[in-house]
Structures are given as structure tokens and as C-alpha cells.
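Since the model is a prediction, treat every value here as computed from it, not as a measurement. Just so you know, these numbers use all the heavy atoms, side chains as well, and skip hydrogens, waters and symmetry mates.
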Amino acid sequence: MKKSLAYILLLMLSTTISCSSKASDNKAENKPKEQVAAVLGSFNSDSAYAFVAEQVAFGPRNPNSEGHKACGNYLVDKLRSYNPDTVIVQESVITAYNGDKLNMKNIMARYNTASPNRVLLVAHWDTRPWADMEGNIERRQEPILGANDGASGVGILLEIARNLNIKLSDCGVDILLVDDEDYGNSDGFMNNDDTWCLGTQYWVKNMPYKAGERKPAYGILLDMVGGKDAVFHREYNSHLNARAATVKVWGEASMLGYESTFINKVGGTVVDDHLFLTDAGIPTTNIIENMNPHTLNFSPTWHTHDDNLDNISKETLDAVGKTVLNVIYKEKKR
């Protein structure tokens, strides 16, 4: 994913936007600092971290690599082990912006399919084939490990699947692991949006829902959610186009005592999977670090070889995982 040119303007506007939001959107700022909501389920940050480590052990998971093939099989088997109603695997060969032919595998596990009210949880599982932000120029053409940018969101969703195997939510939950997100063109700011999120673009054109079946009411995207001391501002497009889902997530985080991690202010705008899902009728909020205090952008490890297990925080995984699990456990069947 990348920032758009509008990000520069949003840095100047974000304070004004966040202050002018409706009162209902800013409830999280008015909550007491201590935890006021019970933690639902049994989300375990050690388990989520282990899932991250198991992915990283395959090495880089860039499309067409051996690590990519092995990890894709691992993810299918792991999700099936947590007894969803079904696991749907989409496989295709798609063409990247530079003409490369990419083996794509989207993986979706569906829980409680009898419920008409559904939530979509999403993370990408592929990794960047180039370290284009790496300080060592000689290593920029090497693929990254993607412990944060790829494995962290998937690790949390696997831990949520483990919880759903123990206790279903009243609502239906679709866990979608998308491929080929990070093969996009990072040159320049404009006109490259469609080069990213190729697996999601394929999925929205081939949604595996039956005729007459309702789409998920909303989605939650987890991307780069394991960094040390990470903070998550409301991503601008999520704030604008998936407001209800964004308020739900940031409000729940506040009630769980994670106000210092989930910052209730608007951050930058990000080109990511949520844009294509929202355009397809599933308003999706993006939990992503997009206002790191050191970079005013993504994590300092983004698209570098420092994106490894040494820079993954169990505390961050815990805050994000418990927040998302609480959100879906509070949803009703309707």
C-alpha cells in the first residue's frame, strides 16, 4: 500500500476534521481512561505472535516464491483446523502492473453462515517482493520478510478463528486472507492505485456469496498491526466512507482501555484493500499505522529488511486482537 498525494493536505486538515466530527463519532474521547468494557473471548497474544512467527519461518511470501506456496498451504490447513462452516480458496493467475504473471490464492473461512448479519475480517498474507524503502541500496531488490506488513494481521485473524472454534459469535464472520496486495507500483503519487491490492480486486469481482445472500454489513481490515509502540489513527477514507464501522472499532478500543493505541483522530489516507471492498458495497475500516510519530507515515520498518520478528510487539497484537474480537462478539444475529 502507499500514501496518496492527498496525504500532505490531510496532515494540515486532520485536526480540523477530527474536531468537527459529529458528537457520536467522538464518544471514545469522552470515555474514562480506565477499562469500562469486559474482554470477551480468550484472545491470546502469545498465540497470535506464534502465528506470526510461523508465517515468517517460511521466509518471504512474495508471489511465485517457494515461501508463498508453502505459506498458502499452511494458512488453508490452519483455518480448516478451527472448524469453520467452509473454507473457500480462490486461485488464479493475474497480471501485475509490470507484466509479471502472479499465482494468486485468496482464502476465506466462514463461520456461522446461518446468520444473516455478517462481518468481514480481512488481512493480506503476501509480502513485498522488493525492499524499496531499505536504507542499504544494495538490498532493495530483495524481498522482505513482512512480519508486520503481512503476517501480523493474519496472525491476529488466525487467533480470532481459534476463538470462534471455541465460541461462535451471534453474527456470521467471514475471515478473508487476500493475496497479491503488495505488488504495486510505488513510483510517484498518482494513477497507481489499481496496481495494488490485486487479490482483493479479484475477490470483489468474484464474491463467493450465493444469489440472494446478504453481503457482510461491514468489514475490518488489519494491516501492519503488530509494530512496537504502534498507534492507529482513523484512516481518512475509513472515517469518510465507513464511518459506522470506524466508530464501532475505535469506540470499543477506548472502552477496553486502549485509547493510547487507538487514537481517536483522523490520520492519513491510504491506498489499501478497504477501498476496493467499500466500493463493492462492504464499507470497510482500516486498522493501520499511518501516523507514526517518527515518520508521520507508516512504521519505520515499512518495506525494509527491519520488518522482522524483532520488531513485533505482543502488546500491540493484544490491543488490536481483543478490540476486533470484542466487536464481533457484541454483534447480534438480526
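- Side-chain contact annotation: N326 with E252, donor-acceptor N/O pair under 3.5 Å present.
- Annotation: K167, atom NZ; neighbour count of heavy atoms from other residues, nucleotides and ligands within 6.0 Å is above 12.
- Under the 6.0 Å distance and 45° angle rule, K322 does not count as a cation-pi partner of F43.
- Surrounding NZ of K330 are more than 12 heavy atoms belonging to other residues, nucleotides or ligands, all under 6.0 Å away.
- More than 12 heavy atoms of other residues, nucleotides or ligands shown are found within 6.0 angstrom of NZ on K314.
- The number of heavy-atom neighbours closer than 6.0 Å to CG of D229, taken from other residues, nucleotides and ligands shown, is 12 or below.
- T200 places no side-chain N or O within 3.5 Å of a backbone atom of C197 that could act as its donor or acceptor partner.
- A donor-acceptor contact closer than 3.5 angstrom links the side chains of K105 and N73.
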Derivation and outcome, side-chain contact (heavy atoms from CB on, under 4.5 Å), residues D272 and E181: CA-CA 8 Å; D272 209 346; E181 185 267 358; 3.0 Å; yes

What verdict does the side chain to side chain donor-acceptor pair (under 3.5 Å) test give for N106 and Q90, after you've listed the backbone C-alpha separation in whole Å, the side-chain angles of each residue and the deciding distance to 0.1 Å? CA-CA 5 Å; N106 291 332; Q90 292 180 331; 3.1 Å; yes

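- Heavy atoms only, all atoms of each residue included: Y183 and Y97 are closest at O-CE2, 3.2 Å.
- Within a 6.0 Å sphere centred on CE of M133, heavy atoms belonging to other residues, nucleotides or ligands number 12 at most.
- Between the side chains of S238 and N286, not a single donor N or O lies within less than 3.5 Å of an accepting N or O.
- In the displayed structure, E213 atom CD is contacted under 6.0 Å by more than 12 heavy atoms of other residues, nucleotides or ligands.
- A donor-acceptor pair shorter than 3.5 Å cannot be found between the side chains of H294 and N292.
- Taking the six-membered ring for Trp, H303 and W130 have ring centres at least 6.0 Å apart.
- Residues D132 and S186 share a closest heavy-atom pair of OD2-OG, 3.3 Å.
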Go through the steps to decide whether D174 and R118 satisfy the test salt bridge (charged side-chain N to carboxylate O under 4.0 Å, His left out), and finish with yes or no. CA-CA 7 Å; D174 295 335; R118 310 200 62 75; 2.7 Å; yes

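- Shown here is I137, whose CD1 atom has no more than 12 heavy atoms of other residues, nucleotides or ligands within 6.0 Å.
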So R128 and E134, salt bridge (charged side-chain N to carboxylate O under 4.0 Å, His left out) or not? Walk me through it. CA-CA 12 Å; R128 183 74 168 159; E134 172 63 36; over 6 Å; no

